[in-house]
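Indexing begins at 1, ligand by ligand and atom by atom, following the structure's order. Because the structure is a prediction, the values reported are computed rather than measured. Along the sequence shown, residues carry numbers from 1.
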Amino acid sequence: MTQPSDVGDTRPEILIATPLPARDIAPLESQFLIHRYDQASDKPAFLAGCRKVRAMLTSGHTGADAALIAALPALEIITCFGVGVDGVDFEATRARGIPVTNTPDVLTGDVADLAIALALSVMRDIPKADAHVRAGKWTSGTLPLARRFFGSKIGILGMGRIGLATAERARGFGCEIGYFNRSAKPGLPYEAFETPQTLAAWADVVIITLAGGAGTRAIMDAAAIEALGPTGYLVNVSRGSTVDEAALIEALQTGKIAGAGLDVFLNEPNIDPRFAELHNTVLMPHLGSATDETRRAMGQLMRDNLAAHFAGQPLLTPVE
Ligand code: 8YV
């Protein structure tokens, strides 16, 4: 890979801010001079060699903060590998007219699949049953009865693309669908609720599919979590920031709710160690979009946005 110090190289310079799959970086090497900021040990010193960087590749979660954007005076575009862009400082990008792209649609199905899988896993106790069989305990006892998923009331918190796809899947299980969305969604054949708390009071399972960021921080607050009640479940495939995590842990510890299936947490990957002590949870390390097919499509879309920018063509999936 070309080093930032190479002289006489006319390829446009790009910066990789977060680890990305090697198969997505390799096709860029012939066209761009790549700065591996993600691999730099002394990041402030590394940035001194990035003053000609015109594009940043990052994930929506890692994003790009104001300081990093300010350190790149030639920056023209930020392309995110992922649909969420909560890690991007939009005040900083807007001030300089820097467009931001993401990878919507291509990951919707996988994230929705995982939402249903987590609900099924936690309600049917699949990880515990698997451990039971592996430990050779089948002959020595039975497991407690689980909870039925099909036909249950599913409350979707955030009726965007992923919320809609999750609702469609849940309908296939004969579930009743309700939702809360911050803006009106006229024409949907599902019951709309005024607040996350009223949705949770109605639902057997609340599935969080809304975008992360300041506008949704702890939107699933203590009152909404408790409204689920001792037979209610929470599934989160969006961002850990959308839930009051301290209240969630307390509710799980004390049986105020029945269980949770979580793909996302605060402070990933250094999550609150109390999660590991809970027996009524199914935990995943943020793998919502992590299938070979989807990650391949995300990488392609990210590169297509980059190519469109450098060809002076309209961006495929601009966030703004
Ligand atoms: C990311 C995600 O793709 O799309 C998002 O917003 O959270 C994930 O699916 C994953 O974290 C890779 O960056």
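Inspection of the Thr291 and Asp110 side chains reveals an N or O donor paired with an N or O acceptor under 3.5 Å. A donor-acceptor contact closer than 3.5 angstrom links the side chains of Ser289 and Arg295. With 3.5 Å as the limit, one finds no donor-acceptor pair spanning the side chains of Asn305 and Thr79.
With Phe180 as reference, Leu199 is the one residue of Ile208, Thr198, Leu199 to meet the side chain to side chain contact (heavy atoms under 4.5 Å, CB included) rule.
The nearest protein atom to atom 5 (C) of ligand 1, hydrogens excluded, is given as Val83 N, 3.5 Å; this is a heavy-atom distance. In terms of protein heavy-atom proximity, atom 3 (O) of ligand 1 is closest to Met298 CE, 3.0 Å. Atom 11 (O) of ligand 1 has His286 NE2, 3.7 Å as its closest protein atom, hydrogens excluded (heavy atom only). Given atom 1 (C) of ligand 1, the protein heavy atom at minimum distance is Ser289 OG, 3.8 Å.
Proximity of Phe90 to Val319: side-chain heavy atoms (C-beta onward) are separated by under 4.5 Å at one or more points.
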Can you give me every donor-acceptor pair (side chain of residues 151-168, partner residue at least two apart or in another chain, under 3.5 Å) with its distance?
from, atom 1, to, atom 2, distance (Å)
Ser152, OG, Phe149, O, 2.5
Arg161, NE, Asp105, OD1, 2.9
Thr166, OG1, Ile162, O, 2.7

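Proximity of Val111 to ligand 1, defined as any heavy-atom pair under 4.0 Å, is not found for any part of the residue. Only the side chain of Arg295 comes within 4.0 Å of ligand 1, counting heavy atoms alone; its backbone N, CA, C and O stay farther away.
For ligand 1, the atoms lying closer than 4.0 Å to a non-hydrogen atom of Gly84 are 4 (O), 5 (C), 6 (O). Near Gly82, with a cut-off below 4.0 Å to any heavy atom, the atoms of ligand 1 are 3 (O), 4 (O), 5 (C). Those atoms of ligand 1 with a heavy atom of Ser59 less than 4.0 angstrom away are 13 (O). Here is the list of ligand 1 atoms found below 4.0 Å of a heavy atom in Leu107: 4 (O).
A perpendicular orientation is assigned to the rings of Tyr190 and Tyr179, their planes being inclined by more than 60° (bins at 30° and 60°).
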